[in-house]
Number of protein chains: 2
Amino acid sequence: MSGPEDPLLITNVAVAVDLAIFTIREQRLQLLLIRRSLAPFRGRWALPGGFVLPGEDIDAAAERELREETGVQRDAAHLEQLATYGAPRRDPRGRVVSVAHLALVADAATPVAGTDAAESRWADVADLPHLAFDHDRIVADGLDRARAKLEYTTLATSFLPTTFTLAELRSVYEIVWGAQLDPANFRRKVLASDGFVVPAAGGPTVHGRGRPAARYEAGGATVLHPPLLRPT
Amino acid sequence: MSGPEDPLLITNVAVAVDLAIFTIREQRLQLLLIRRSLAPFRGRWALPGGFVLPGEDIDAAAERELREETGVQRDAAHLEQLATYGAPRRDPRGRVVSVAHLALVADAATPVAGTDAAESRWADVADLPHLAFDHDRIVADGLDRARAKLEYTTLATSFLPTTFTLAELRSVYEIVWGAQLDPANFRRKVLASDGFVVPAAGGPTVHGRGRPAARYEAGGATVLHPPLLRPT
DNA sequence: ACAAAAGTGTTGCCCTTACACCCATGA
DNA sequence: TCATGGGTGTAAGGGCAACACTTTTGT
């Protein structure tokens, strides 16, 4: 940036990170919420988050919060910056700029302990309460981003454990998009997408009823050319 | 955000906006640079930007900076948040978090006055100097975003005046992507994309040598389903 | 008349879609 | 052996790339 002299006297701002952490549980897309135990919006549901510590990188703060709230390591989940929200009166305490992040985690990440939050829970995105601050907007933006990125990235695998079947992968798309996909065509598309999935080393099968499915794990790729497929 | 008590005592941070402003001039993709007249990185080229004023919304600050540097109004250009950069030591003066924005403007926006910047110029993106702070990274991210968005949005029109020919529109893609496109197929794709362009009301033609081209203006759409076309 | 750019037609190929069909397992 | 889901085959249709062709202007 360029700018006038002595910036540090001009603004007194707190920088926070907020996390929209999505997972798929019980065949539904869910979002991690915490119930605020402190002053503004006390008792209301909100996104997990916290202030960036002095000397701490923003990305590191997001990673730390993710770990604190879900116990998940960075490499076991997807974490990316979403957008920054800085309307002057978005926080009644004063000027707080929030760098919102989008996280996708596997179901296993479930547990949550209450540190600064009184309580926390996974909530269906289809049935969310009205959240504190501008968190409704952040969630909406995060959802848009997640849905859009499924189209042209391998992000869907972030919702699954390290090995998975193609049916499980397909179910991620179906749940996030709310649309049915043809199993045969889905399989072909995914297998034809270079680097999307590779056969899992270990056991080739596992299972319930019907023919056992082969297990796969994420390939190296993150972006798909051309895009995989579209919802409808 | 949630978090500990009395956040405003915890961090003392300045929030800035930096702008990666792209245009197409002289058949090349160019970026607006300013030469720093003040302390850190004095004399070095950098992105235009400045601090967010107390009580000012971040988006408003970006809009103000864009106007100050190019004279362009918001509705005559594209302006969107890019990402936020907040590494602890990215600014030697202290903790400065920068919310970078991406702007695309038409050639007409050229002029620039030197207010807090000693000097400013349009530089070819293919031949940029090493910039101050982490601005090299911001420019790279902005370029990636711009190139990617041409594929599935109507953003290309932001580089052009209110009315334009399909050849001019095609040339935007060719310059930004560095690839040639078939004029016949390009025309069909664009005209088939609902809401991308509409015939311009006024004069149907204008021009140099060869058959005069019809003029169009931007339709209402911003996102294209399916994506327009890909580079190669 | 010729060059040059705008704009239209056409053809062959590939990818997708839809759905029929076979395979492997649990009960 | 039947039900259930995994996995393969295939034929029809649509979209797209490539390129030939026609139109309209300036010189």
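Every chain is numbered from 1, with letters handed out A, B, ... down the list of sequences. No experiment lies behind these values; they were computed from the predicted model shown.
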For the side chain of B:Lys189, starting at C-beta, report the closest nucleotide among D:dC16, C:dG7, D:dG6. D:dC16
From C-beta outward on B:Arg187, which listed nucleotide comes closest to its side chain: C:dG7, D:dT4, C:dA6? C:dG7
Using a 3.5 Å distance criterion without hydrogens, assess whether the side chain of A:Thr154 forms a donor-acceptor pair with backbone atoms of A:Ala221. yes
Residue pairs passing the ring-ring contact (aromatic ring centres under 6.0 Å, His included) test with at least one member in residues 146-169 of chain A, sequence neighbours excluded, are none
Please report the C-alpha distance between B:Asp18 and B:His101 in whole Å, then the side-chain angles of each, then the deciding distance to 0.1 Å, and finally whether the side-chain hydrogen bond (donor to acceptor under 3.5 Å, both in side chains) criterion is met. CA-CA 6 Å; B:Asp18 287 314; B:His101 289 249; over 6 Å; no
Rounded to whole Å, CZ of A:Arg215 lies from C1' of D:dG6 at a distance of 13 Å
When you compare the protein's N or O atoms with those of nucleotides 18-21 of chain D, which come within less than 3.5 Å of each other, and at what distance?
{"from": "D:dA18", "atom 1": "N7", "to": "B:Asn185", "atom 2": "ND2", "distance (Å)": "2.9"}
{"from": "D:dA18", "atom 1": "N6", "to": "B:Asn185", "atom 2": "OD1", "distance (Å)": "3.3"}
{"from": "D:dA18", "atom 1": "N6", "to": "B:Arg188", "atom 2": "NH2", "distance (Å)": "3.2"}

Indicate whether OP1 or OP2 belonging to C:dA4 is found under 4.0 Å from a side-chain N or O atom of B:Arg209. no
Once you round it to whole Å, what is the distance between C1' of C:dT17 and CD of A:Gln180? 16 Å
In whole Å, I'd like the distance from the CG atom of A:Leu181 to the C1' atom of D:dG6. 16 Å
From CZ of A:Phe186 over to C1' of D:dT8, roughly how many Å is that when rounded to an integer? 17 Å
Check whether the side chains of A:Thr165 and A:Arg215 place a donor and an acceptor atom closer than 3.5 Å, and report yes or no. no
Could you tell me the separation between the CD atom of A:Glu174 and the P atom of D:dG5, rounded to a whole number of Å? 12 Å
Side chain of B:Pro212, heavy atoms from C-beta onward: which of D:dG7, D:dT4, D:dT25 has the nearest atom to it? D:dT25
Worked check of side-chain hydrogen bond (donor to acceptor under 3.5 Å, both in side chains) between A:Asp59 and B:Tyr85: CA-CA 9 Å; A:Asp59 295 339; B:Tyr85 300 80; over 6 Å; no
Nearest-neighbour nucleotide for the A:Arg211 side chain, C:dG7, D:dT25, C:dC23 considered: C:dC23
Hits for ring-ring contact (aromatic ring centres under 6.0 Å, His included) against A:Phe186, two or more places apart or cross-chain, chain-then-number order -> A:Tyr173
Could you give the NE2-to-C1' distance, from B:His225 to D:dG15, as a whole number of Å? 18 Å
Just checking B:Gln27: does its CD atom have more than 12 heavy atoms from other residues, nucleotides or ligands closer to it than 6.0 angstrom? no
